Amino acid sequence: MKKIKINLNENSYDVLIGRGIFGSLHKEVSKRKLSPEFFSVVDGNLNRLHKGKVDKLIDPKSKFIFKSGEKNKSFNTLQSIHRKMINKKLGRSGAVLALGGGIVGDVTGFAAATYMRGIHYLQVPTTLLAAVDSSVGGKTGINFDSTKNVIGSFYQPKLVLIDTDFFKTLPEEEILCGVGELVKYAFIIDKRFYNYLSKNLDKVLRLNPAAVEKVVVESVKYKGAVVAQDEREGGLRKVLNFGHTFAHAVEVEQKYKIKHGQAVIIGIACALQLSHKLGLIDNAALEEHLKFIKRFQKRIRIKSYDKRKLYSIMQRDKKNKNGTIRFVLMKDVGEMLLDVEAERKDVFEALDKGLRLFV
């Protein structure tokens, strides 16, 4: 088992990574003197596939089964969770456990942040995407009026436990979603990680244990270091949004018919095109990086898109200032520029060139 410390002073916590470590949940909770009484929010598919394993460690009577999906990342779900917490008489000394993918983690974290003005919560991410991304960093929230994550808070977990054995029952589409975020990390971390993922992409997609553990550990270490320097996304942490301004708009415009990690790959293609259009990367670099992205063309397809609608959705991005869209763009692998502005016509061109790869 690997342990990574997320250093946030009084909000610091450990991320534990390994195979078969879910069974040590209570032991790890006890070590940290956290409440052994959980109210649990559990992904419905995970509960069906791993019910025996889950019910050995979690009281079935204190379990909220959540049908995951962007449409259920809502006030209605939040209210249902709060209502059941109240009915179970969960007190301020209790804790909430998120067991599932990123959507479960986001909603559960926000429920914990807003229940009795904040109670402890724990993350057990069971998808590759959640493991490398949303389970670390404390971003919680819900969607509202077709805008992703527009309502939420920064609220750190007390422990993150990543049991990579859960990934074995993920459908291929969900594995691809996690790989989408790993591709983002490949561009923003450094050339060493970029080259490793490019060379071992097929191993990761096949869930080779050694390859999966390496990319999860590397991604969590990097994100943890960034979050430690900029917990509330005032500056450096924005680097983690490479490709995401485009990606979130694609998700909404496509009515969530493609998943977040798939949209991230499309978003990176658009960000590369915009980086090239603004003269940040040359033709050779664009061609090299698009070769990496094109390896996903057969796995990610959309029927059509409306670039004007996409642009309008991007204008609602919470990272904008004074109505101006701000992008994270690339000068080189491991060298990003934050808060880059671009003219509408250049964004439209980047959207067209990026999205056409997947139509």
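Just so it is clear, the model here is predicted, and its values are computed rather than measured. Quick note: residue numbers are just sequence positions, from 1.
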Are the side chain of [X] and the backbone of [Y] linked by a donor-acceptor contact shorter than 3.5 Å?
X	Y	answer
K84	K63	yes
D43	N45	yes
Y155	I119	yes
S275	A271	yes
N241	H244	no
S12	L8	yes
N11	Q156	no
D230	R237	yes
Q254	E251	no
K191	G334	no

Following the transitive rule for hydrophobic clusters with a side-chain heavy-atom cut-off under 4.5 Å over Ile, Leu, Val, Met, Phe, Trp and Tyr, establish whether [X] and [Y] coincide in one cluster.
X	Y	answer
L240	V264	yes
L46	I103	no
L355	I258	yes
I58	L122	yes
I300	L170	yes

Mind checking what makes ring pair (Phe, Tyr, Trp, His ring centres under 6.0 Å) contact with [X], not counting sequence neighbours?
X	answer
F166	F22, H50
Y311	F348
F327	F246
F242	F187

For atom [atom1] of [X], is the number of surrounding heavy atoms from other residues, nucleotides or ligands below 6.0 Å larger than 12?
X	atom1	result
K221	NZ	no
E287	CD	no
R117	CZ	no
R32	CZ	yes
Q79	CD	yes

Q123 and V136: side-chain contact (heavy atoms from CB on, under 4.5 Å), yes or no, with the steps?
CA-CA 9 Å; Q123 286 263 25; V136 176; over 6 Å; no
Between [Y] and [X], is the closest basic N to carboxylate O distance under 4.0 Å?
X	Y	result
E28	K31	yes
R299	E172	yes
D306	R308	no

Rounded to the nearest 0.5 Å, how far does [atom2] of [Y] lie from [atom1] of [X]?
X	Y	atom1	atom2	value
T126	K168	OG1	NZ	14.5 Å
K238	L337	NZ	CG	13.0 Å
T140	D106	OG1	CG	7.0 Å
F193	I188	CZ	CD1	9.5 Å
R48	I65	CZ	CD1	12.0 Å
K331	D282	NZ	CG	12.0 Å

Is any side-chain heavy atom of [Y] closer than 4.5 Å to one of [X]?
X	Y	answer
F39	I81	yes
L176	K259	no
Y115	M85	yes

Could you go through Q273 and D352, starting from their C-alpha distance and side-chain angles, then the distance that decides it, and tell me whether this counts as side-chain hydrogen bond (donor to acceptor under 3.5 Å, both in side chains)?
CA-CA 9 Å; Q273 293 288 356; D352 270 333; over 6 Å; no
For side-chain contact (heavy atoms from CB on, under 4.5 Å), just list the numbers for F167 and I162, CA-CA rounded to whole Å, side-chain angles, deciding distance to a tenth of an Å, and then say yes or no.
CA-CA 10 Å; F167 303 164; I162 300 172; 4.1 Å; yes
Would H26 and F38 count as a close aromatic pair, with their ring centres under 6.0 Å?
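Aromatic pair counts; centres sit under 6.0 Å.
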Decide if the gap between the ring center of H289 and the ring center of Y194 is smaller than 6.0 angstrom.
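When the ring centroids of H289 and Y194 are compared, they turn out to be within the sub-6.0 Å range.
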Only one of K148, K71, E70 clears side chain to side chain donor-acceptor pair (under 3.5 Å) with N143; which?
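Answer to the side chain to side chain donor-acceptor pair (under 3.5 Å) test with N143 among K148, K71, E70: E70.
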Is it true that the side chains of [X] and [Y] contain a donor and an acceptor less than 3.5 Å apart?
X	Y	answer
T164	R19	no
S93	S35	no
H276	N283	yes

Could you list all the side chain to side chain donor-acceptor pair (under 3.5 Å) pairs where at least one residue sits in residues 195-204, not counting sequence neighbours?
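Sorted result for residues 195-204: S198-R295.
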Shortest non-hydrogen separation from [X] to [Y] and the atoms involved:
X	Y	value
A130	G102	CB-N, 3.4 Å
V107	I142	CG2-CG2, 4.2 Å
T245	M314	O-CG, 3.5 Å
A342	V347	CB-CG2, 3.9 Å
A111	H82	O-NE2, 3.2 Å

Run the side-chain contact (heavy atoms from CB on, under 4.5 Å) test on M330 and L280 for me, step by step, so that the C-alpha distance in whole Å, both residues' side-chain angles and the decisive distance to 0.1 Å come before the verdict.
CA-CA 7 Å; M330 189 180 81; L280 302 176; over 6 Å; no
Starting from the C-alpha separation in whole Å, work towards a yes-or-no answer on salt bridge (Lys or Arg N to Asp or Glu O under 4.0 Å) for E349 and K345.
CA-CA 6 Å; E349 183 176 330; K345 64 180 179 61; over 6 Å; no
Would V96 and S40 count as a side-chain contact (heavy atoms from CB on, under 4.5 Å) if you check the C-alpha gap in whole Å, the side-chain angles of each, and the deciding distance to 0.1 Å?
CA-CA 6 Å; V96 188; S40 303; over 6 Å; no
Chi angles and distances behind the salt bridge (Lys or Arg N to Asp or Glu O under 4.0 Å) call for K184, E181
CA-CA 5 Å; K184 175 198 77 176; E181 285 290 345; 2.9 Å; yes
Other than I313, what residues sit in its cluster of Ile, Leu, Val, Met, Phe, Trp and Tyr side chains whose heavy atoms are under 4.5 Å apart, directly or through others?
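I313 shares its hydrophobic cluster with V252, Y256.
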